[in-house]
Amino acid sequence: MRKPSMLMVCCALTLTLVGCTTSDQSKTEEAENKPAETEQQTETPAETPTDKEDEQAEQPTPETEEPTAEEPSEDQPEEEVPVAEAPPVEEPTEAPSEPLEQNGTANLKLDTLVLVNKQIALPAGYKPADLVTANIDFVESATGERKMLRKEAAQAIEKLMTGAKAADIELKGTSAFRSYDYQVQLFNNYVARDGKEQAMKYSAPPGHSEHQTGLAIDVSSASVGYQLTQSLEQTKEGKWLADNAHTYGFIVRYQRAYEAETGYMYEPWHLRYIGVEHATDVHKANVPLEHYLEQLMD
Ligand SMILES: [Zn+2]
């Protein structure tokens with residue numbers, strides 16, 4: 001049903017890729033893609049958000065230096081508003097037609113739709129540039145980078161946790177970002193303990209963890225001692241997650257029905273951020289992310 005013309009696809013793709021163009025149109029596109037907040041554009045992880053805000057506040061905003069006596073209208077800048085003339089094309093947030101992977105390496109251009117699984121790995125040292133600490137409750141063992149997510153996903157999990165609390169649902173994050181190096185360390189430990197053949201059966205080699213995308217987080221509840229256990233499914237917290245996570249942009253990535261497909265056991269605790277629109281579609285379709293993306297990029 002989504003058949004954007006090649007031209008549109010190219011436009012959307014170009015605009016997505018050329019992040020720093022200054023044309024009004026690209027700003028608009030960007031704004032549409034990330035409606036949440038446009039104020040914090042810093043790329044580095046904001047360790048001290050207050051500092052960043054101050055920094056921004058101090059920066060003088062470049063006003064238009066037109067000394068002409070014309071009355072400035074805030075609503076209509078008059079000049080250079082090609083946006084208004086643009087034809088009512090379909091939402092450019094529809095994913096561009098992109099390959100999901102190349103030679104087993106994930107396509108990072110897919111951004112928040114990036115696909116990582118047992119067959120597709122992230123580039124070895126990949127680390128998202130916009131990791132921030134998610135401002136939610138975590139279990140004590142989660143420290144440092146393990147509390148980080150990409151900015152968009154961090155904001156979404158904060159909203160999810162707020163929504164959960166309002167519904168009397170108590171959840172905590174147990175683990176979010178997982179670096180490549182940490183995966184190497186974990187995997188080597190498993191191999192040393194059980195041998196490579198065994199280790200491969202329950203753990204993916206480094207680069208294959210969705211947690212490395214900065215878009216995945218494991219959450220659990222007091223009712224199961226904050227363990228990552230399938231019995232979370234039977235708790236009211238687990239049920240709330242299954243029913244509501246998509247409204248915040250997350251999917252329960254590894255469903256019981258997908259085990260054969262994904263090669264992962266059912267993980268009611270593992271949430272993957274893909275944005276509200278896509279998460280809602282995946283939830284309704286009840287298909288593995290792999291299927292959804294294959295169709296979307298078709
Ligand atoms: Zn997980």
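Heavy atoms of other residues, nucleotides or ligands lying less than 6.0 angstrom from CD of Gln234 number more than 12. Atom CG of Asp243 sits in a crowded spot, with more than 12 heavy atoms from other residues, nucleotides or ligands closer than 6.0 Å.
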Verdict with supporting geometry, Leu110 and Leu100, side chain to side chain contact (heavy atoms under 4.5 Å, CB included)
CA-CA 8 Å; Leu110 294 172; Leu100 300 178; 3.8 Å; yes
List the steps, then state whether side chain to side chain contact (heavy atoms under 4.5 Å, CB included) holds for Gln230 with Arg256.
CA-CA 10 Å; Gln230 290 188 343; Arg256 197 187 300 282; 4.2 Å; yes
Check the pair Ile157 / Leu271 against side chain to side chain contact (heavy atoms under 4.5 Å, CB included), numbers first and verdict last.
CA-CA 9 Å; Ile157 199 69; Leu271 303 179; 4.2 Å; yes
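Transitive grouping of hydrophobic side chains (ILVMFWY, heavy atoms separated by less than 4.5 Å) keeps Tyr254 and Val252 in distinct clusters. No single ILVMFWY cluster, assembled from side-chain heavy atoms under 4.5 Å apart, contains both Val184 and Tyr190.
Using a 4.5 Å heavy-atom threshold, the side chains of Tyr264 and Glu210 count as separate. In this structure, Phe250 and Arg272 have side chains that are not in contact, with every pair of non-hydrogen atoms separated by 4.5 Å or more. Taking the side chain as every heavy atom from C-beta outward, Asp298 and Glu294 never approach each other to under 4.5 Å. Counting heavy atoms from C-beta outward, His278 and Leu296 have side chains that approach closer than 4.5 Å. Side-chain contact between Ile169 and Asn244 is absent, with no heavy-atom pair separated by less than 4.5 Å. Residues Glu267 and Leu228 are not in side-chain contact: their nearest non-hydrogen atoms beyond the backbone lie 4.5 Å or more apart. Residues Met161 and Leu171 form a side-chain contact, since some pair of their non-hydrogen atoms from C-beta on lies under 4.5 Å apart.
Checking side-chain atoms of Thr174 against main-chain N and O of Asp218 turns up a donor-acceptor pair under 3.5 Å. Using a distance-only test at 3.5 Å, with no hydrogens or angles considered, no donor-acceptor pair links the side chain of Glu290 to the main chain of Pro288. Checked by atom type and distance alone, the side chain of Asn107 pairs as donor or acceptor with a backbone atom of Pro99 at under 3.5 Å. With Glu158 contributing its side chain and Asn135 its backbone, the two residues share a donor-acceptor pair below 3.5 Å. With hydrogens and angles disregarded, a donor-acceptor distance shorter than 3.5 Å links the side chain of Ser220 to the backbone of Gln227. Of the possible polar contacts, one joining the Glu259 side chain to the Tyr266 backbone as a donor-acceptor pair under 3.5 Å is found. Checked by atom type and distance alone, the side chain of His211 never pairs as donor or acceptor with a backbone atom of Phe177 at under 3.5 Å.
Evaluation of the salt bridge (Lys or Arg N to Asp or Glu O under 4.0 Å) rule for Asp194 yields no partner, not counting sequence neighbours.
Annotation: the span from Leu289 atom CG to Ile274 atom CD1 amounts to 5.5 Å, rounded to 0.5 Å. With rounding to the nearest 0.5 angstrom, the CZ atom of Arg178 is 10.5 Å from the OG1 atom of Thr213. In this structure, the separation between CD on Glu101 and CG on Leu122 is 12.5 Å, given to the nearest 0.5 Å. A distance of 12.5 Å separates OG of Ser221 from CH2 of Trp240, quoted to the nearest 0.5 Å. Atoms CD1 and NE2, from Ile251 and His270 in turn, are 8.0 Å apart once rounded to the nearest 0.5 Å. Between the CE atom in Met148 and the CZ atom in Arg150 there is a gap of 13.0 Å [rounded to 0.5 Å].
Shortest non-hydrogen contact noted between Ala106 and Val114 is CB-CG2, 3.9 Å. The shortest heavy-atom contact between Pro205 and Gln183 is O-OE1, 4.3 Å. Closest of all the heavy-atom pairs between Ala156 and Tyr273 is CB-CE1, 3.4 Å. Across every non-hydrogen atom of Val276 and Tyr248, the tightest pair is CG2-C, 3.8 Å. Between Gly249 and Ala279, the closest heavy-atom pair is C-CB, 3.5 Å. In plain terms, the two heavy atoms of Val224 and Ser231 that are nearest each other are CG1-OG, 3.7 Å.
By the 4.5 Å side-chain criterion applied to Ile, Leu, Val, Met, Phe, Trp and Tyr, Tyr258 is assigned to no cluster and stands alone.
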In a table with atom names and distances, give each donor-acceptor pair under 3.5 Å that connects a side chain of residues 139-147 to protein atoms at least two apart or in another chain.
from   : atom 1 : to     : atom 2 : distance (Å)
Glu145 : OE2    : Lys127 : NZ     : 2.7

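Asp137 has no carboxylate O lying under 4.0 Å from a charged side-chain N of Lys172, or vice versa, which leaves the two without a salt bridge. One finds no salt bridge joining Lys118 and Glu261 here, because no Lys/Arg side-chain nitrogen approaches an Asp/Glu carboxylate oxygen to under 4.0 Å.
In this model, no donor atom of one side chain and acceptor atom of the other lie less than 3.5 Å apart for Tyr126 and Gln212. Under 3.5 Å, the side chains of Thr112 and Glu152 contain no donor-acceptor pair of N or O atoms.
Below 30°, between 30° and 60°, or above 60°: for His246 and His283 the angle between ring planes is below 30°, a parallel geometry.
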